[in-house]
Amino acid sequence: MTEKSILDQHGASWRQWILDNLERNCNPIGMLERMTKSVWNTDQAKAAIDQGLVEINKNLNWRKPIPSIPNSQLVALDQQTIRVLGRFNQPKAALLDAVLSQNECQKLIQYATSKGLKSSGVVDGETGQSIQHQARTSSTVFFTRAETPLIDRIEQRLARLTNWPVSHGEGLQILRYQEDQQYKPHFDWFDPNKPGSAKHLERGGQRVATTIMYLAAPTLGGATTFPKTGIEVQPNVGGAMFFNDIDDLGVPDQLSLHAGAPVIEGTKIIMTYWQREQAFRK
Ligand SMILES: O=C(O)CCC(=O)C(=O)O
């Protein structure tokens, strides 16, 4: 039995509707809305529109560009050969090894310690201010862009790795979790419906990707978890978890909900890199 084309998934009249609307230059985003309000699920609808464009020979790039990891298994960038250990679709994510060398991890920890770490904050949705909250009990130190030659080199590496301009990156930050410390499930995107998000969105638009790099691993606990999908990443020194905070239509991804599980034994140190839609202004 031959497999049904995605365009025929919901019958001949839907096939015709998709092709007719694409021929008439209708906006695929509007089409997608109509389709998902009816019988289509989002992934199928996106694939059917793509297939329709192929069938009518139209080259239209209608997806929103977002940072992404190259398709190859090994990515050689300046001094590192980064290995892609796994890829996920929901949320769009990649588990990476050797983003940083062991020596870089050590140097970053030394530099963070010499600057001093302070209790981490979270963004208050109402005011946009950083506040202390029991949801996040780690300590943090922030760096500015290119604060040292090492930080500059790593930012350039991450920008190339994710195919996203270095100007769109927020300053790196290092977080330390001691025993019992954690970051409860949260999103990194700013909720457009909360008043406190406006001042953050003005400074470079939405957060579009997060890279969590592991600089020191605890002996027990401290995984990065994605409670809606069951993904669980054990800290691996030099490795990283990359994921998109929005989908390729520009919509904040509910599946990007993630957490730093409580450390049970030892110390976990990570470095977080957030990338924005546009150039980031401090
Ligand atoms: O600690 C972790 O593994 C997650 C960190 C995190 O969620 C964040 O920095 O946004």
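Atoms considered below: every heavy atom in the structure, side chains included; atoms not considered: hydrogens, waters and symmetry mates. Atoms within each ligand, like the ligands themselves, are counted from 1 in listed order.
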Inset, instruction - Show the protein residues that qualify under the rule heavy atom under 4.0 Å from an atom of ligand 1, listing them in chain and number order. - result: R136, L175, Y177, Y183, H186, D188, I212, T224, H258, G260, K268, I270, T272, W274

Legend entry - Mutual orientation of the aromatic rings belonging to W164 and H168 [parallel < 30°, tilted 30-60°, perpendicular > 60°]: perpendicular

Inset, instruction - Can you label the angle between the W14 ring and the W17 ring as parallel, tilted or perpendicular, going by 30° and 60°? - result: perpendicular

Inset, instruction - Give me the one residue out of D188, T229, T210 that meets side chain to side chain donor-acceptor pair (under 3.5 Å) with H258. - result: D188

Inset, instruction - Quick one: do R15 and D8 satisfy salt bridge (charged side-chain N to carboxylate O under 4.0 Å, His left out)? Show the steps, please. - result: CA-CA 6 Å; R15 157 184 273 277; D8 297 311; 2.6 Å; yes

Legend entry - Side chain K58, main chain L22, donor-acceptor under 3.5 Å: yes

Legend entry - Geometric cation-pi criterion, R207 with W189: 6.0 Å, 45°: no

